[in-house]
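Notes follow the structure.
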Amino acid sequence: MQPTKSSAENSGASTEQYNGFTAEERAAMKEHAQEQKKASAQRGSRAEKEAAAERDVLAKIAEMPEADRVLAERIHDIIKTGAPDLAPKLWYGMPAYARNGKVVCHFQSAEKFKSRYATLGFSDQAALDDGAMWPTAYALKGLTPADEQRIVALVKKAVG
């Protein structure tokens, strides 16, 4: 009896097997689970929890390779200044900024998923809607003063 072809072979699609999540993706999910456990175990006032969350974000930024760290530090400052009502928190091991516990934007280092550039991403909580299609992530290789002004405008628009 002849083995049957897979549906991918029948459709002419790639015959590569899906092997699940990459090691980097699995690590990010594990970090997220640890973040959730830590957050639920923390006791204290809201201000104490927010201060601890910001310390965690700053510690994560400090661990980044220099190129990513410089970008992440600047993004952190821009968001803290431009949208002070967003609270820093870790999200899948990345610095993120949330309103009412929901992530509005986040920084992803290039090193995190072995990418050639870092990204500033926005979630569906961000009020960036512009017609039927708009960008939700921006590649970052450096920041000029004009880039910083654009990020300030994006973050302000994102928080409404």
Side-chain angles (χ1 to χ4, degrees), residues 19-130 133-160:
N19 292 322
F21 296 105
T22 66
E24 293 83 9
E25 290 167 332
R26 285 191 300 276
M29 288 185 283
K30 285 179 184 176
E31 280 185 278
H32 183 62
Q34 291 170 343
E35 292 159 8
Q36 296 299 323
K37 284 181 187 177
K38 183 177 178 181
S40 65
Q42 284 180 336
R43 300 196 190 283
S45 71
R46 181 177 175 171
E48 290 170 334
K49 289 179 183 179
E50 287 176 359
E54 183 162 12
R55 283 192 302 273
D56 291 344
V57 166
L58 293 172
K60 184 59 75 175
I61 290 171
E63 294 172 2
M64 293 178 185
E66 183 179 2
D68 288 338
R69 186 178 67 251
V70 168
L71 289 171
E73 287 171 344
R74 192 64 201 121
I75 294 294
H76 181 79
D77 290 343
I78 289 168
I79 292 172
K80 290 290 292 176
T81 302
D85 58 324
L86 291 181
K89 67 184 270 180
L90 288 178
W91 187 60
Y92 293 95
M94 297 175 284
Y97 304 87
R99 181 176 43 210
N100 300 325
K102 297 187 180 210
V103 171
V104 174
C105 59
H106 68 279
F107 176 85
Q108 182 177 300
S109 74
E111 186 258 348
K112 180 81 173 173
F113 293 106
K114 297 176 179 35
S115 176
R116 71 180 179 98
Y117 49 78
T119 58
L120 173 63
F122 292 88
S123 76
D124 62 340
Q125 298 297 310
L128 294 176
D129 304 37
D130 184 19
M133 186 173 94
W134 58 91
T136 59
Y138 296 84
L140 303 172
K141 291 203 57 115
L143 290 175
T144 66
D147 297 330
E148 291 183 10
Q149 289 305 311
R150 185 171 181 202
I151 292 169
V152 167
L154 281 167
V155 170
K156 285 183 177 183
K157 182 176 180 184
V159 297

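Count residues from 1 along the sequence. Below, all heavy atoms of this structure are taken into account, side chains as well, without hydrogens, waters or symmetry copies.
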Selection residues 83-92 - residue pairs positive for salt bridge (charged side-chain N to carboxylate O under 4.0 Å, His left out), sequence neighbours left out: none

Between [atom1] of [X] and [atom2] of [Y], what distance do you get to the nearest 0.5 Å?
{"X": "T119", "Y": "M94", "atom1": "OG1", "atom2": "CE", "answer": "7.5 Å"}
{"X": "H106", "Y": "L120", "atom1": "NE2", "atom2": "CG", "answer": "8.0 Å"}
{"X": "E73", "Y": "R69", "atom1": "CD", "atom2": "CZ", "answer": "6.0 Å"}
{"X": "I75", "Y": "C105", "atom1": "CD1", "atom2": "SG", "answer": "8.5 Å"}

For the student: nearest non-hydrogen atoms of [X] and [Y], plus distance:
{"X": "E31", "Y": "G93", "answer": "OE2-CA, 3.4 Å"}
{"X": "P95", "Y": "L90", "answer": "N-CD2, 4.3 Å"}
{"X": "P88", "Y": "A53", "answer": "O-CB, 3.4 Å"}
{"X": "V57", "Y": "Y97", "answer": "CG1-OH, 4.1 Å"}
{"X": "L128", "Y": "P135", "answer": "CD1-O, 4.4 Å"}

Suppose we screen for side chain to side chain contact (heavy atoms under 4.5 Å, CB included). Which residues come up paired with [X], at least two apart in sequence or across chains?
{"X": "A28", "answer": "Y92, K112, F113"}
{"X": "S115", "answer": "Y117"}
{"X": "A118", "answer": "D68, L71, F107, L140"}

Just wondering, do K60 and D56 contact through their side chains at under 4.5 Å, heavy atoms? no

Flag the pair L58 / H76 as yes when at least one side-chain heavy-atom distance between them is below 4.5 Å, and no otherwise. yes

Of all pairs that satisfy side-chain hydrogen bond (donor to acceptor under 3.5 Å, both in side chains), the ones with a partner from residues 121-130, not counting sequence neighbours: none

Please list every donor-acceptor pair under 3.5 Å in which a side-chain atom of residues 148-160 meets a protein atom from a residue at least two apart or in another chain.
residue, atom, partner, partner atom, Å
E148, OE1, R74, NE, 3.2
E148, OE1, R74, NH2, 3.0
E148, OE2, R74, NE, 3.1

